[in-house]
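Just so we're on the same page: letters track the sequence lines, and every chain starts at 1.
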2 protein chains.
Amino acid sequence: MVDKEKYREKIVLSASKIFSRYGFKKTTMEEIANALNKGKSSIYYYFKSKEEIFEAVVDHEAQVLKDELSKVIKSSDDPELILRRYVKIRMKLFEKLSNYYNAIFNRDLDHFDFIEKQREKYDLMEIALIRYVLWRGVRSGHFNLENTGLAALAVQTALKGLELPLFWEKRSYGMDARLDAIIDILFYGIVRK
Amino acid sequence: MVDKEKYREKIVLSASKIFSRYGFKKTTMEEIANALNKGKSSIYYYFKSKEEIFEAVVDHEAQVLKDELSKVIKSSDDPELILRRYVKIRMKLFEKLSNYYNAIFNRDLDHFDFIEKQREKYDLMEIALIRYVLWRGVRSGHFNLENTGLAALAVQTALKGLELPLFWEKRSYGMDARLDAIIDILFYGIVRK
DNA sequence: ATTTTCTTAGAACTAAATGGTCGATTGTTC
DNA sequence: GAACAATCGACCATTTAGTTCTAAGAAAAT
């Protein structure tokens, strides 16, 4: 082909679908290869291992999320609304990602520290983003916070706590409404007046 | 427990969810057992093999479908409307079942003639049902058919032809509308006047 | 035309996973 | 305490799946 990097992207895009459907463990190299009409061993010309593909997929997903979030941040001037939209999008992503993680949390996190590293990277980005949203809220007088850095950390921690219900119960149907309720409770003390 | 048969049902219900999510091949006995907080070998006290569980699951699913279809048949007096609803429900089910079959059609139908047997049983029931719907349509003057048995066979064959698109393209979003269009074309010659 | 580099895939290897068996164990009923 | 119901851990045989290796077909360069 013209470009090796281009084909790597093609693999990532294709593998992403399979991973998100079946999770890391249940997805086989053969399936990834077949989806591209390639031989199983051919994939190794582009990626060193299954884990490397997975890593690239997660990276890609994080990028997509980042783009979506950027859009949300620019979508309004009301920080509370932004925060709500932010949480919704975040939860939507984690619903999608729940497969990835399900397959891994499923015990044997043995040598899966590479996931942790990935996670840390993502956490840092997220905290920065939340902090920015909070900071804008403070600046415009909507929020009432001393230390946005610490507050961002707190909010992010709380959001992480919300992930588990999403993982274990699949698609509870009142989820959207319930999410709103939780956000209400969670940020009650933040909104001025 | 009180009843062995009761527990078999419990297993079927639980396994059904896993099978429908991951398909036959990707579902492991250990997962089925874990979902019930049981040891893997305990399951073999109730079922002889993985295939036997799967068979029971499919049987159960067929029963659910049958019930739903019965409800549809009683839901209206307009046979054309009934037929439309029938097709919709049928497609909904097959979307759900596509995992089951995907995992099996995926080559090696080797000694999976037991699926074929299952399929035949289901086909017969379906043909009978369709025939009944057609017969009611004829009786009320909505349909114009010489031989409802043959017509039912034809309709069922056509419906089977519609399954494949559902298997290979996941959730095409225009599906509902497209389905309507197909039904229109398919039954055009049936409706009187 | 020939050499070299890029790309692919079948075969082979290896470690892990998985369906299934069996005997032991625990609990319950008579 | 014998007989039966239910569960489970250890174990086995086979298959699967990730990875490596090598040869070979295309394509590009010389």
Side-chain angles (χ1 to χ4, degrees), chain A residues 1-12 14-16 18-19 21-58 99-100 102-115, chain B residues 1-12 14-16 18-19 21-58 100 102-112 114-115:
Chain A
M1 289 290 154
V2 206
D3 198 358
K4 197 166 172 175
E5 191 58 34
K6 265 279 183 295
Y7 204 81
R8 278 174 60 102
E9 273 181 48
K10 208 173 151 188
I11 293 177
V12 166
S14 172
S16 168
I18 310 179
F19 276 129
R21 182 167 186 77
Y22 294 117
F24 178 77
K25 205 178 163 206
K26 280 184 191 292
T27 297
T28 72
M29 291 298 277
E30 197 143 20
E31 285 171 320
I32 294 175
N34 281 347
L36 293 157
N37 286 98
K38 285 276 151 62
K40 177 169 65 155
S41 47
S42 303
I43 308 296
Y44 286 88
Y45 182 70
Y46 300 95
F47 287 93
K48 215 175 92 263
S49 67
K50 188 180 165 186
E51 288 190 13
E52 201 179 279
I53 300 178
F54 186 71
E55 209 177 318
V57 165
V58 175
N99 275 330
Y100 295 45
N102 264 339
I104 288 152
F105 281 167
N106 241 4
R107 315 164 223 303
D108 18 325
L109 41 146
D110 297 330
H111 49 86
F112 274 112
D113 29 41
F114 89 98
I115 287 294
Chain B
M1 290 293 153
V2 209
D3 198 358
K4 196 164 172 178
E5 190 57 35
K6 266 280 183 292
Y7 204 81
R8 278 173 62 101
E9 270 180 48
K10 208 172 153 190
I11 294 177
V12 166
S14 172
S16 167
I18 311 179
F19 276 130
R21 182 164 186 79
Y22 295 117
F24 179 78
K25 207 178 163 203
K26 277 184 195 290
T27 298
T28 72
M29 290 299 277
E30 199 143 17
E31 283 171 320
I32 293 174
N34 281 346
L36 292 157
N37 286 99
K38 285 277 152 62
K40 179 173 61 156
S41 41
S42 303
I43 307 298
Y44 286 90
Y45 182 69
Y46 299 96
F47 287 94
K48 219 174 91 261
S49 67
K50 188 178 166 187
E51 289 190 10
E52 201 180 276
I53 300 178
F54 186 72
E55 211 177 317
V57 165
V58 175
Y100 296 47
N102 265 339
I104 289 153
F105 282 166
N106 240 5
R107 318 167 222 298
D108 18 324
L109 41 146
D110 297 330
H111 49 84
F112 274 112
F114 88 98
I115 287 295

Nearest to side-chain heavy atoms of [X], which nucleotide of [options]:
| X | options | result |
| --- | --- | --- |
| Thr28(B) | dG19(C), dG18(D), dC6(C) | dG19(C) |
| Ser49(B) | dT8(C), dG20(C), dA6(D) | dG20(C) |
| Lys38(B) | dT7(D), dT19(D), dG20(C) | dT7(D) |
| Lys25(A) | dA17(C), dT19(D), dG20(C) | dA17(C) |

Write down the distance between [atom1] ([X]) and [atom2] ([N]), rounded to a whole number of angstrom.
| X | N | atom1 | atom2 | value |
| --- | --- | --- | --- | --- |
| Phe24(A) | dA16(C) | CZ | P | 15 Å |
| Tyr22(A) | dA17(C) | OH | P | 20 Å |
| Tyr7(A) | dC6(C) | OH | P | 18 Å |
| Glu30(B) | dA16(C) | CD | P | 16 Å |
| Leu36(B) | dC8(D) | CG | C1' | 15 Å |
| Met29(B) | dT7(D) | CE | P | 14 Å |
| Ile18(A) | dG18(D) | CD1 | P | 11 Å |
| Lys50(A) | dG18(D) | NZ | P | 4 Å |

Relative to each other, are the rings of Phe19(B) and Phe54(B) parallel, tilted or perpendicular (30° and 60° limits)?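 Judged by the thresholds at 30° and 60°, the geometry between Phe19(B) and Phe54(B) is perpendicular.
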
Reckon Tyr46(B) has a side-chain N or O less than 4.0 Å from the OP1 or OP2 of dA6(D)?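 Result: no.
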
Looking only at side-chain N and O atoms, does Tyr45(A) come under 4.0 Å of OP1 or OP2 in dT8(C)? no

Distance criterion of 3.5 Å, no angle test: do you see the side chain of Lys40(A) paired donor-to-acceptor with the base of dG10(C)? no

Look at the side chain of Ser41(A) and the base of dG10(C), then say whether one donor and one acceptor between them are separated by less than 3.5 Å. yes

Check the interface with nucleotides 24-28 of chain D: list each N/O to N/O pair with the protein under 3.5 Å, or write none.
none

Interatomic spacing from NZ in Lys25(B) to NZ in Lys50(B) - rounded to 0.5 Å: 9.0 Å

Separation of Glu30(A) CD from Ser41(A) OG (nearest 0.5 Å): 10.0 Å

Do you know the tightest heavy-atom contact between Tyr46(B) and Glu52(B)?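 For Tyr46(B) versus Glu52(B), the nearest heavy atoms are O-OE2, 4.3 Å.
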
Heavy-atom nearest pair, Ser49(A) first then Tyr44(A), reads CA-CE2, 4.1 Å

Here's a test for you: under side-chain contact (heavy atoms from CB on, under 4.5 Å), which of Val12(B), Ile18(B), Thr27(B), Ile11(B) qualifies with Val57(B)?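 Looking at Val12(B), Ile18(B), Thr27(B), Ile11(B), the match for Val57(B) under the side-chain contact (heavy atoms from CB on, under 4.5 Å) is Val12(B).
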
Could you tell me if Lys38(A) and Tyr7(A) have a donor-acceptor pair between their side chains, going purely by distance under 3.5 Å? yes

